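Reading through the structure tokens given below for one structure.
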Amino acid sequence: MTDTPPAGSERGIPTHASVVVIGGGVMGCSTLYHLAKQGLSDAILLERNQLTSGTTWHSAAQVRALRSTRNLTELIRYSIALYRRLEEETGQATGWINEGSISIATTPDRLTHVRRQEALSRLYGLRADVISAGEAKERWPLMNAEDVIGAVWSPDDGRVSPSDLCAALVKGARAAGARIFENTPVTGIVTRGGRVVAVETAGGTIRCDAVALCAGLWSRKVAALAGAEVPLWPCEHFYLLTRPVEGIEGNLPTLSDHDSHLYIRDDSGGLLVGCFEPLGKPIDADSLGEDFAFQLLPEDWDHFEPMMLKALHRLPALETAEVRMLLNGPESFTPDGSFLLGETAETAGLFLGCGMNSVGVATGGGAGMALAHAITKGHLPFDLQEADPTRFPACFSSAEVLAARVPEVLGKHYEIAYPHRQWSSARGLRVTPLHARWCEEDAHFGQVAGFERPLFFGSRTAPKPSFGRPDWFEQVGAEVDQAHRHAAIFDQSTFGKIAVRGPDAEAFLDRVCSNRVDREPGRLAYTLMLNPRGGIESDLTVQRLSEESYRLFVGTAALKRDLTWLKRHLGESKRVEIADESGTFAILALMGPEASRIAEDLGAGALNALGYFRHAVAELAGVAVRAARLSYVGEAGWELTCEAAQADELYQALRAAGAKPAGSLAQTSMRIEKRFLAFGHDIDTDLSPDDVGLGFALAMEKDFIGRSAVESRRQTGSGRRLVSVLLDDSAALPLGNEPVLLDGAIAGKTTSAAFGYRVGRPVALALIEADLGRDLEGAKVQIDIAGQSWSGTAKTRAVFDPKGERMKTQSQ
Ligand SMILES: Cc1cc2nc3c(=O)[nH]c(=O)nc-3n(C[C@H](O)[C@H](O)[C@H](O)COP(=O)(O)OP(=O)(O)OC[C@H]3O[C@@H](n4cnc5c(N)ncnc54)[C@H](O)[C@@H]3O)c2cc1C
């Protein structure tokens with residue numbers, strides 16, 4: 001802390017603060033404001049330069065509410081309400097301008113995309129209307145609308161003045177007792193036993209209970225001080241500013257021309273034309289220097305030129321406009337384009353609010369509220385798993401990988417959200433032991449948690465992006481048929497495998513798992529881990545290997561999160577060892593009516609006597625496996641776990657005996673038909689097991705985390721129910737996240753969808769959220785797919801083999 005603090009800063013860094021917020025951009029200011037409002041009046045903010053001096057000051061500051069999920073949208077709705085009311089509360093204006101936004105379409109696929117957005121808006125309770133090109137032009141007269149074929153008008157959107165917004169947040173925070181120290185860089189974070197205990201500055205050490213890391217593009221570096229990984233990397237980010245242009249009076253809506261990678265708004269009577277170009281320019285944060293404050297990067301007209309040409313087409317008035325500057329500022333991006341919010345896996349008490357992917361001003365109000373909530377209450381206010389810092393495996397932490405991926409993140413921001421679209425950059429980071437075989441089988445890969453996983457086989461050519469029937473439709477159908485009529489091999493090696501061992505293993509798992517795990521070795525359980533609010537944190541299978549040894553199988557993307565959850569809930573259980581053994585084993589699921597014969601042929605006929613939900617060791621063609629009788633696809637067979645090094649030998653034996661590989665698209669289609677749920681799609685941390693029909697995984701007779709909450713939720717009833725929907729028309733192409741209508745009104749949304757090859761029609765899983773108080777079995781529903789209504793029938797059970805007879809009957 002300097003002797004003479006600048007205006008707005010305060011003297012006397014305290015020796016203790018409940019929470020230290022690092023960084024005075026919009027995220028830090030909003031987090032501090034909300035911490036103070038939530039009662040932590042001794043929270044402080046440390047900013048190494050001046051408030052807003054990083055990225056926030058030069059933001060284009062548009063606030064567009066619609067995001068890909070309800071809760072991300074909810075954060076921005078919260079921001080809008082906050083930005084509207086802060087002036088009244090603090091006397092400081094935020095510069096909120098509510099002129100709405102227009103998103104134009106110039107191709108049929110973009111029109112489908114914007115229609116899907118309009119449907120989503122209605123689902124999330126936002127106002128949005130599809131309008132004609134003529135109406136769009138009326139709202140933006142300077143636009144060349146010749147090639148525009150439709151648009152969406154969103155009246156609730158707007159923009160804000162980022163510096164004024166931060167000033168208002170800071171004023172509100174101070175009024176509630178919080179303090180701010182500018183020119184105070186954090187130089188160290190002290191941890192003890194894996195937990196944050198203090199923050200170091202040149203002016204002294206501050207003991208604290210938690211740190212909110214809101215240091216923008218510098219967060220990766222600051223987090224390293226606490227031993228935590230923060231996968232973000234900056235890119236240069238551009239917008240053009242002109243002097244006043246004739247025809248612009250007052251404020252206009254924000255105009256988005258995503259086909260041209262552009263967003264456009266008025267600015268002081270001139271134009272502001274910004275871009276999310278197809279490939280951004282990464283920049284190393286270290287190259288900016290410690291004193292990078294209120295600074296910009298050099299203009300780069302060569303890089304901007306392709307977007308400039310498109311801008312000239314859309315706005316002919318630009319031709320004669322006088323350019324004020326091509327603003328180039330750094331902003332941080334993450335490997336999947338979503339930000340980081342919540343506690344890190346590596347360091348307890350270190351909470352992230354960073355990696356804002358160019359929506360930091362729009363999201364900041366809500367994200368700061370959510371981060372403060374996580375710190376003060378121990379959990380986020382609602383499910384935000386798309387922002388969970390634990391979602392990235394370590395392979396995304398390296399500078400090389402980040403610098404390779406983030407340029408593409410900018411391009412994806414405005415790209416049409418085609419189903420199953422894939423990243424082109426930073427591929428091949430992790431492969432399963434059978435990767436070489438999958439290449440020989442002409443697998444087409446998709447990336448999940450950094451892993452390359454076969455989507456389907458028979459063609460390595462990338463399918464043509466489309467909202468129509470996909471190129472791979474027949475091939476995936478053939479793979480489903482293979483599993484349904486013969487035998488297929490699904491590579492499930494990407495699942496997380498966690499060993500839990502020790503004298504207290506049973507007692508510990510009994511407490512964290514909702515289902516019984518105290519059964520004899522050789523039994524397996526499908527179970528949930530619930531949070532104290534009764535929401536689902538994870539679903540997993542647990543194999544008891546011996547009295548004191550269990551193996552847990554968790555979702556591919558859930559490993560880091562579940563490991564963290566388990567370790568943080570160890571509590572008094574001292575005699576338990578938790579180990580990540582994911583890389584040690586491969587898992588091949590052999591599924592289909594011929595599985596029985598194949599086991600016989602390979603010398604493991606005894607497996608046919610193994611009961612459902614039991615596991616046993618066996619040798620298949622000389623390879624030692626642990627075979628578990630269960631199925632994620634609804635066909636009879638085993639999930640075979642073997643040493644990773646022997647996976648190829650096992651695969652070759654299965655292949656020679658007649659089984660053929662099937663990819664994850666076939667698996668998805670089959671699990672949806674079987675109503676098997678997937679975390680992140682059909683299940684989240686807000687939903688209780690009863691909401692989604694997983695009550696069978698609750699052993700209510702024992703005590704487990706979340707039990708009492710489940711009980712009280714049962715008393716009040718949530719009104720939510722998860723149903724299967726069998727669509728009437730086989731031409732319908734539901735993708736998930738579409739409104740579901742009952743009696744003509746929106747009653748819920750699809751959570752997963754696919755063509756169901758075994759039932760010959762598209763199938764969706766849908767969460768019905770309206771408390772209808774009636775039996776939904778057989779109810780007629782409509783699904784709104786890009787503005788078109790498709791009818792279907794709701795079923796309370798699986799649409800295929802609802803009694804599960806096929807998968808439980810071994811020999812066919
Ligand atoms: C050209 C451009 C246009 C944009 N347009 C929009 C838009 O239209 N809408 C929108 O929502 N978003 C937009 N954004 C993105 C938005 O501006 C950012 O997401 C947001 O400002 C990030 O805020 P922040 O608080 O995370 O980071 P920052 O504003 O960068 O704040 C981080 C702060 O941490 C401080 N700091 C770093 N290290 C330390 C340390 N060791 N100790 C103490 N302090 C430290 C820095 O000095 C900095 O002040 C745009 C960004 C750019 C570049």
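Both counts, for ligands and for their atoms, begin at 1 and track the order of listing. This one's a predicted model, so the numbers in the text were calculated from it and none came from an experiment.
- Ring geometry for Trp57 versus Phe294: interplanar angle over 60°, hence perpendicular rather than tilted (30 to 60°).
- For ligand 1, the polar-atom distance check against Ala61 finds a nitrogen or oxygen pair separated by under 3.5 Å.
- Numbered from 1 in the order shown, with element, the atoms of ligand 1 that lie under 4.0 Å from a heavy atom of His58 read 53 (C).
- Each of Asp266, Thr254, Asn251 was compared with Glu99 under the side chain to side chain contact (heavy atoms under 4.5 Å, CB included) criterion, and only Asn251 meets it.
- Looking at atom 33 (C) of ligand 1, its nearest protein heavy atom turns out to be Glu47 OE1, 3.5 Å.
- In this structure a side-chain-to-backbone donor-acceptor pair under 3.5 Å is present from Asn71 to Asp383.
- The protein heavy atom nearest to atom 21 (O) of ligand 1 is Thr56 OG1, 2.9 Å.
- The cationic group of Arg405 does not satisfy the cation-pi geometry with Trp233, failing either the under 6.0 Å distance to the six-membered ring centre or the 45° limit from the ring axis.
- Between Tyr263 and Tyr414, the ring planes lie perpendicular to each other; the angle is over 60°, past the 30° to 60° tilted range.
- The pair Lys310-Glu305 does not meet the salt-bridge criterion, since no charged nitrogen lies less than 4.0 angstrom from a carboxylate oxygen.
- Ranking the protein heavy atoms by distance from atom 42 (N) of ligand 1 puts Val186 N, 3.0 Å first.
- Within ligand 1, the atoms closer than 4.0 Å to a non-hydrogen atom of Pro185 are 42 (N), numbered from 1 in the order shown.
- Distance from atom 45 (C) of ligand 1 to its nearest protein heavy atom, with residue and atom name: Arg48 CG, 3.6 Å.
- By the 4.0 Å N-to-carboxylate-O rule, Asp336 lies close enough to Arg391 to be salt-bridged with it.
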Self-check item: Full working for salt bridge (Lys or Arg N to Asp or Glu O under 4.0 Å) between Arg77 and Glu74
Solution: CA-CA 5 Å; Arg77 280 162 70 118; Glu74 206 49 54; 3.7 Å; yes
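- Residues Phe181 and Pro14 form a side-chain contact, since some pair of their non-hydrogen atoms from C-beta on lies under 4.5 Å apart.
- Protein heavy atom closest to atom 27 (O) of ligand 1, with residue, atom name and distance, is Gly216 CA, 3.5 Å.
- Proximity to Gly329 (heavy-atom distance under 4.0 Å) selects the following atoms of ligand 1: 53 (C).
- Looking at Tyr239 next to ligand 1, no N or O pair under 3.5 Å apart turns up.
- Considering backbone and side-chain atoms together, Pro330 places no N or O closer than 3.5 Å to any N or O of ligand 1.
- Contact annotation for Ala293 and ligand 1: no heavy atom of the residue comes within less than 4.0 Å of the ligand.
- Within ligand 1, the atoms closer than 4.0 Å to a non-hydrogen atom of Ala362 are 10 (C), 11 (O), numbered from 1 in the order shown.
- When only interatomic distances are considered, the shortest N/O to N/O separation between Thr52 and ligand 1 does not fall below 3.5 Å.
- Not a single heavy atom of Cys354 sits under 4.0 Å from any atom of ligand 1.
- The nearest protein atom to atom 19 (O) of ligand 1, hydrogens excluded, is given as Glu331 OE2, 2.6 Å; this is a heavy-atom distance.
- Less than 4.0 angstrom separates some heavy atom of Met27 from each of these atoms of ligand 1: 25 (O), 26 (O).
- Judged by a 6.0 Å distance limit and a 45° cone about the ring axis, Arg159 is not positioned over the six-membered ring of Trp96.
- You'll find the side chain of Thr56 stays beyond 4.5 Å of the side chain of Ser163, heavy atoms only.
- At least one N or O atom of Ser358 sits closer than 3.5 Å to an N or O atom of ligand 1.
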Practice problem: With side chain to side chain contact (heavy atoms under 4.5 Å, CB included) as the test, would you mind laying out the steps for Leu326 and Phe238 before giving the verdict? | Solution: CA-CA 7 Å; Leu326 176 58; Phe238 299 88; 4.2 Å; yes
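- Of all the atoms in ligand 1, the ones that sit under 4.0 Å from a non-hydrogen atom of Gly24 are 33 (C).
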Solution key, residues 360-374 side-chain donor-acceptor pairs under 3.5 Å, sequence neighbours excluded:
from	atom 1	to	atom 2	distance (Å)
Thr363	OG1	Val359	O	2.6
His373	ND1	His379	O	2.7

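- Near Met356, meaning under 4.0 Å from one of its heavy atoms, ligand 1 places the atoms 19 (O), 26 (O).
- Considering both main-chain and side-chain atoms, Thr184 never comes within under 3.5 Å of ligand 1 through any nitrogen or oxygen pair.
- Ranked by closest heavy atom to atom 1 (C) of ligand 1, the top entry among His237, Gln50, Arg265 is His237.
- Using a 4.0 Å cut-off between heavy atoms, Trp57 makes no contact with ligand 1 at all.
- Residue Val361 has at least one N or O atom closer than 3.5 Å to an N or O atom of ligand 1.
- Take Glu343 and apply the salt bridge (Lys or Arg N to Asp or Glu O under 4.0 Å) test, not counting sequence neighbours, and it matches Arg568.
- The shortest contact between atom 13 (C) of ligand 1 and any protein heavy atom is with Ser59 OG, 3.1 Å.
- Every atom of ligand 1 is numbered from 1 in the order shown, and the set under 4.0 Å from a heavy atom of Leu46 is 43 (C), 44 (N).
- No N or O atom of Val222 sits closer than 3.5 Å to an N or O atom of ligand 1.
- The shell of residues lying under 4.0 angstrom from ligand 1, judged by heavy atoms, excludes Gly274.
- Taking the six-membered ring where the residue is Trp, His237 and Phe333 present perpendicular rings, their angle passing 60° and hence far from 30°.
- Between the side chain of Glu408 and the main chain of Ser425, a donor-acceptor pair closer than 3.5 Å is present.
- Ranking protein heavy atoms by distance to atom 9 (N) of ligand 1, first place goes to Gln62 O, 3.0 Å.
- Ligand 1 has no nitrogen or oxygen under 3.5 angstrom from a nitrogen or oxygen of Ile22.
- Residues Asp129 and Val152 have side chains not in contact (no heavy-atom distance under 4.5 Å, counting atoms from C-beta outward).
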